[in-house]
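What you see is a predicted model, and the numbers here were worked out from it, not measured in a lab. When a ligand or atom number is given, it counts from 1 through the structure's own listing order.
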Amino acid sequence: MNRTQVAIVGAGPAGLTLGQLLHRAGIETVILERRGREYVEARVRAGVLEHDVADLFEQAGVGERMRREGLVHGGVELQAAGERHRIAFDELTGKSIVVYGQTEIVKDLIAARLESGAPIHFDVDGVALHGLDTDRPHLEYDESGGRHELGADLVAGCDGFHGVSRSSIPQGVLREFARDYPYGWLGILASVAPSSEELIYAHHERGFALLSMRSPELSRLYLQCAPDEDVSAWSDERVWTELQTRLGLDGWTLHEGAILEKGVTPMRSHVVEPMQWGRLYLAGDAAHIVPPTGAKGLNLAVRDVHVLADAIVAWYASGDPTLLDAYSETCLRRVWRAEHFSWWMTTMLHRRPDGEEFDLRLQLSQLRYLRTSRVAATALAENYVGIERV
Ligand code: FAD
Ligand code: DHB
């Protein structure tokens, strides 16, 4: 049986970042990924990096292109009741965010991995985890027509919400906390210069809309829709008309362009506790999901593996398991802060399908409070750029 120190399941942002951090610390890892490299590199998802997450990529040696091509934003616009108001992150917190696509981070991390020569296996099927409650766990997987075995000291479950890691933990061990929302997001990527320098989060009677971007030539936009929305019901023309209505403001123009990608994302909150069982450590979407409104999913995934990498390095260096034992508790403090922030942003900005007027009044009051109170705006800003100590 082949052996490694840390077996990593999944080559999303969590698995790839963990591989990079451990490689730089001289710890051997093997990454097993179910999909092909092209698929993983093309999957359009998140786009906002917290201040300290951008710094972490730089410290991990994969920040060069991000610093060159990423767009540094010192704030975002909140729009409601026909008014647009800037939340000035830089002024309120001294921090900013970096707009840089998850696809680009994933490409940079895969390039670094391949250059390092550390093993990463794409197109691997049937991953199974064994002996997780012993100190000799091992994995089995199918590759190139054969079944293979891989022994490890530790296993990192970085295989997302639908992965195999979380479901390898026996029934009754984990507590699950979940909330479904009666909305989804229809997202598009469009070949047109962004119509705003910064992101616009818009509350509108027809539903939430978000203007974001990927580069000076690429816009990313979202519309609140039903969770099971049929994307084929949305012609390009219908998408642009709806975006014009929800984002429109006197004296401002939303520029249109060719739509390159269109998809629907459901929204849910989900957390499991603890994020560890025996020698298996869950990280990122495998352990928790947030609705996307706070732009936290990718950031949480990277923060988890930062904590995990430090704990693993300490354990190999001294045999001291204190940090590893504290992994779940340490991460869950940040996870629940992000769960609250994402739920709060979602609830404040989305139109309830039942049209409940009481909730609408609460939303408008909260949005007005953010416009008129520096303290309220600072709380949003602090959560958005990423809280240092939770
Ligand atoms: P993932 O990125 O899901 O990576 C997990 C990896 O594991 C995948 O490559 C998968 O193929 C692999 N895998 C799964 N099962 C197995 C298996 N059995 N064996 C081997 N490999 C396996 N967040 C935002 O902040 N803003 C957004 O706009 C946004 N949009 C999103 C849109 C979609 C459709 C989705 C699904 C998520 C979105 N997110 C968004 C969330 C954000 O992208 C995730 O939080 C982030 O990708 C988490 O990274 P991860 O590495 O934990 O998981
Ligand atoms: C993007 C996604 C988000 O969920 C968000 O809150 C802001 C921006 C994006 O894809 O650019």
At under 4.0 Å between heavy atoms, which part of [X] makes contact with ligand 1: side chain, backbone, both or neither?
| X | result |
| --- | --- |
| Thr265 | side chain |
| Ala286 | neither |
| Lys296 | backbone |
| Tyr222 | side chain |
| Leu32 | backbone |

Open item on the list: Taking 4.0 Å as the limit for heavy-atom contacts, which would you say applies to Leu199 with ligand 2: side chain only, backbone only, both, or neither?
Closed with: side chain
With respect to [X], determine whether any N or O atom, backbone or side chain, lies less than 3.5 Å from an N or O atom of ligand 1.
| X | value |
| --- | --- |
| Arg45 | yes |
| Pro13 | yes |
| Asp285 | yes |
| Trp185 | no |
| Ala14 | yes |
| Arg35 | no |

TODO: Classify the ring geometry between His148 and Tyr141 as parallel (under 30°), tilted (30 to 60°) or perpendicular (over 60°).
DONE: parallel
Do me a favour and list the nearest non-hydrogen protein atom to [atom] with residue, atom name and distance?
| atom | result |
| --- | --- |
| atom 11 (O) of ligand 2 | Ser212 OG, 2.6 Å |
| atom 5 (C) of ligand 2 | Tyr201 OH, 3.3 Å |
| atom 24 (C) of ligand 1 | Ala46 CB, 3.2 Å |

Task: Donor-acceptor under 3.5 Å (Arg113 side chain, Thr17 main chain) - done: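 Absent.
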Open item on the list: Has Asp304 got a side-chain atom pairing as donor or acceptor with Gly284's backbone, closer than 3.5 angstrom?
Closed with: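 Yes, Asp304 side chain to Gly284 backbone: donor-acceptor pair under 3.5 Å.
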Task: N/O separation below 3.5 Å, Pro292 to ligand 2 - done: yes
Open item on the list: Below the 3.5 angstrom mark, is there an N/O of Trp185, backbone or side chain, next to an N/O of ligand 2?
Closed with: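 Such a contact does not occur with ligand 2.
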- [ ] Please verify whether a non-hydrogen atom of Arg45 lies at under 4.0 Å from ligand 2.
- [x] yes
Task: Within-shell test, Arg214 vs ligand 2, heavy atom, strictly < 4.0 Å - done: yes
Open item on the list: Please report whether the ring centroid of His270 lies less than 6.0 Å from that of Phe161.
Closed with: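 Yes, close enough.
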Open item on the list: Ring centroids only, cut at 6.0 angstrom: are Phe341 and Trp336 within range, meaning strictly under it?
Closed with: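 No - the distance between ring centres of Phe341 and Trp336 does not fall below the 6.0 Å cut-off.
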- [ ] Decide whether the shortest distance between a heavy atom of Arg43 and an atom of ligand 1 is less than 4.0 Å.
- [x]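 In this structure, Arg43 qualifies as a contact of ligand 1 - some heavy atom is under 4.0 Å.
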TODO: Could you state whether Trp234 and Tyr183 fall into the same hydrophobic cluster, counting links through intermediate Ile, Leu, Val, Met, Phe, Trp or Tyr residues with side-chain heavy atoms under 4.5 angstrom apart?
DONE: yes
Open item on the list: Between Asp159 and Ser165, is there a side-chain donor-acceptor contact under 3.5 Å, judged purely by atom types and distance?
Closed with: yes
Open item on the list: Under 4.0 Å from a heavy atom of Leu298: which atoms of ligand 1 are those, numbered in the order shown and with their elements?
Closed with: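 Reading through ligand 1 atom by atom, the close ones are 45 (O).
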